[in-house]
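First up is the structure itself, then whatever we jot down about it.
Order of listing sets the numbers, starting from 1, for every ligand and every atom in it.
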Amino acid sequence: MPQTVKGVVAREKGAPVELVDIVVPDPGPGEAVVTVEACGVCHTDLHYREGGISDDFPFLLGHEAAGTVEAVGEGVTEVAPGDFVILNWRAVCGQCRACAKGKPWYCFDTHNADQKMTLTDGTELSPALGIGAFAEKTLVAAGQCTKVDPDAEAAAVGLLGCGVMAGFGAAVNTGQVDRGDSVAVIGCGGVGDAAIAGARIAGATTIIAVDVDDRKLEKARELGATHTVNSAQDDAVEKIRELTGGFGADVVIDAVGRPETYEQAFFARDLAGTVVLVGVPTPEMKVPELPLIEVFGRGGALKSSWYGDCLPSRDFPMLVDLYRQGRFDLDAFVTERIGLGDVEAAFEKMHGGDVLRSVVMIEGEQ
Ligand SMILES: [Zn+2]
Ligand SMILES: [Zn+2]
């Protein structure tokens, strides 16, 4: 029987989100229905609401979530009802050319549920990143559910489903930060701070946080930054060079994704160093004018990091273990716990500098 539950929907471009009844079908073959426990509010949700991602309104927002599998459809073997899972937005196919080469974190054919969740009048919903977890329940592809230790706190580990994984993976998977490396991270929101935490866990000894907001820099220090640079006051490139013996950092991570910050990352890196772009640019942005001789002469690597080049089945359980062992402070990313009706207010707070993540807690009937 399809179920009617509450969900947060963006009906049209720019309009405030609404908490409405949505219909969640029973899981079909390869699908799962998940009872959502917690879901972080990510910039991407706001981006959907503003029409910055596609025009497929109405959207069912929310995509950084943890919950419990309620039911699975035919042929599902990877998870079972009762499993505590983190939802991922890349259920790898196992068959595309990336998967065939043994690099499933690049999978080019990730999939979502085949059936659609709807409004009560039958209008089909587009779930954000194929998840849609600002809802009491959601329908996903079973491969989007990654089973983890059920003793972990849902509000904290749900964040691994998007921003924290993206940042951590940008440092560890894409940037390949190693023991003794110097790392600079430009932009200290949730993604940047996760990159800082990742760099620390990987053994980097110099970790430079760059932002224009001192409150964010303070938080970055808590998560592992050894130095901070306020780029509204100081030249980020000069400061990073100064803090690395005049050379630049081994790995520079742009967690903002603007031409200016990318240029800073490019010039703040040591010879043969690595630039990682994990901040998401908008379609009209262009790579700044980089002299090709510098691109060649500086060597190294210019890389982009999509979802932290993560493999959920490999990375989520490992990160939950590190969290449970007190080695990765995921709780530090949870600034506040809110209800399903507070998503619009959480969007407002994103413009200030004091919220890393608002997390929607969903406990049965709202
Ligand atoms: Zn694939
Ligand atoms: Zn996100």
Which of these, V148, V69, T68, V157, sits in a side chain to side chain contact (heavy atoms under 4.5 Å, CB included) with V85?
V69
Looking at side-chain heavy atoms only, is the closest gap between L125 and I22 below 4.5 Å?
yes
Between F57 and Y48, does the ring centre distance come in under 6.0 Å?
no
Does the shortest distance from the Zn ion (ligand 2) to an N/O/S atom of H43 fall below 2.8 Å?
no
For a side chain to side chain contact (heavy atoms under 4.5 Å, CB included) with T261, tell me which candidate from I186, I253, V252 qualifies.
I186
In degrees, rounded to 10 degrees, what angle do C99 atom SG and C96 atom SG make at the Zn ion (ligand 1)?
110°
Angle subtended at the Zn ion (ligand 1) by SG of C107 and SG of C93, nearest 10°
110°
Could you please compute the angle at the Zn ion (ligand 2) from NE2 of H63 to SG of C42, rounded to 10°?
110°
